[in-house]
Amino acid sequence: MRQFKTCASCGKKYSKNYFYSENYWKVSKYCSRKCYGQSLKGKPSGRKGKKWSPEQLKVITEINRRNGLQHRGKNHHNWKGGRIRNSGGYVYILNLGHPFAKHRGYVAEHRLVVEKYLGRYLEPTEKVHHINNIKDDNRIKNL
């Protein structure tokens, strides 16, 4: 027999989903994460019923923003010099100002080497191949 409950946020009836454990079903009040999130709006977190003033919110936002910037790049605990190797064996260099930078500002090292040699940016349609098929051998003779 299906069990139904009424959502505490939207009032819609919902049934038990297969991924809910029995304990979760006993304490659940909302039909979805969206309804749960809406129920949290306007409630202070960890302040025992006290709301933040607009000035306090401004200060907290600025501190959080600064802390986020504080731990990027060289200041991050997992910084490895701005060089990464992808699963295909290609080496990528962090170059935030590059117009064709891919994911999170990284550019393939072999493309950067050829761009420096030519003195211009390569178009996305231009291909660079490794002659000896060793993908981390980025000498200009090999490209």
Side-chain angles (χ1 to χ4, degrees), residues 2 5-143:
R2 274 184 94 99
K5 285 189 172 184
T6 305
C7 179
S9 180
C10 67
K12 184 173 79 173
K13 284 203 178 276
Y14 66 102
S15 64
K16 179 178 176 181
N17 288 325
Y18 67 92
F19 53 83
Y20 288 143
S21 67
E22 286 299 318
N23 290 337
Y24 179 80
W25 179 248
K26 289 175 188 172
V27 298
S28 70
K29 298 178 186 176
Y30 305 101
C31 64
S32 65
R33 289 183 181 183
K34 182 179 177 183
C35 283
Y36 174 69
Q38 286 177 346
S39 72
L40 293 178
K41 285 185 180 173
K43 291 185 180 176
S45 60
R47 298 247 315 150
K48 304 207 190 252
K50 298 177 185 172
K51 292 201 173 196
W52 297 104
S53 70
E55 293 81 21
Q56 289 172 319
L57 283 174
K58 203 179 271 186
V59 169
I60 290 167
T61 305
E62 178 61 25
I63 289 170
N64 288 340
R65 186 191 66 77
R66 251 188 270 134
N67 286 343
L69 294 176
Q70 206 172 11
H71 299 289
R72 287 188 183 171
K74 293 176 185 174
N75 297 326
H76 194 274
H77 69 279
N78 204 25
W79 176 251
K80 291 182 173 54
R83 260 176 94 93
I84 59 172
R85 185 182 308 262
N86 75 353
S87 59
Y90 291 99
V91 178
Y92 283 81
I93 306 290
L94 183 65
N95 193 341
L96 296 173
H98 197 281
F100 301 115
K102 299 285 184 193
H103 181 67
R104 296 189 179 181
Y106 283 90
V107 182
E109 184 182 39
H110 60 279
R111 292 185 66 85
L112 288 174
V113 169
V114 172
E115 285 176 351
K116 186 175 180 181
Y117 178 74
L118 295 176
R120 65 175 178 86
Y121 289 120
L122 291 176
E123 293 298 320
T125 56
E126 293 180 286
K127 305 290 182 207
V128 178
H129 296 284
H130 293 87
I131 295 170
N132 64 4
N133 290 327
I134 299 172
K135 295 173 184 168
D136 61 352
D137 182 6
N138 292 321
R139 295 171 297 142
I140 198 67
K141 287 181 181 179
N142 187 41
L143 300 173

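Every heavy atom of this structure was used, including side-chain atoms; hydrogens, water molecules and symmetry mates were not. Residue numbers count from 1 along this sequence.
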Looking only at heavy atoms, which two atoms of [X] and [Y] are closest? And how far apart?
X      : Y     : result
Asn86  : Tyr92 : ND2-CE1, 3.5 Å
Tyr106 : Leu94 : CD2-N, 3.5 Å
Lys135 : Gly89 : CB-O, 3.8 Å

Distance from [X] atom [atom1] to [Y] atom [atom2], nearest 0.5 Å?
X      : Y      : atom1 : atom2 : value
Leu122 : His98  : CG    : NE2   : 7.5 Å
Asn95  : Glu115 : CG    : CD    : 8.5 Å
Leu112 : Tyr121 : CG    : OH    : 9.5 Å

Residue among Arg139, Arg85, Arg83 satisfying salt bridge (Lys or Arg N to Asp or Glu O under 4.0 Å) with Glu109: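 Among the candidates, only Arg83 passes.
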Arg120, CZ atom: more than 12 neighbouring heavy atoms under 6.0 Å: yes
Measure the shortest side-chain to side-chain distance between [X] and [Y] over non-hydrogen atoms and say whether it is less than 4.5 angstrom.
X      : Y      : result
Arg111 : Tyr90  : no
Leu143 : His129 : no
Glu126 : Val114 : no

Verdict with supporting geometry, Asn138 and His130, side-chain contact (heavy atoms from CB on, under 4.5 Å): CA-CA 8 Å; Asn138 292 321; His130 293 87; 2.8 Å; yes
Donor-acceptor under 3.5 Å (Asn142 side chain, Asn132 main chain): yes
For Phe100, all residues meeting ring-ring contact (aromatic ring centres under 6.0 Å, His included), sequence neighbours excluded: none
Distance-only donor-acceptor check, side chains His110 and Asp137, under 3.5 Å: no
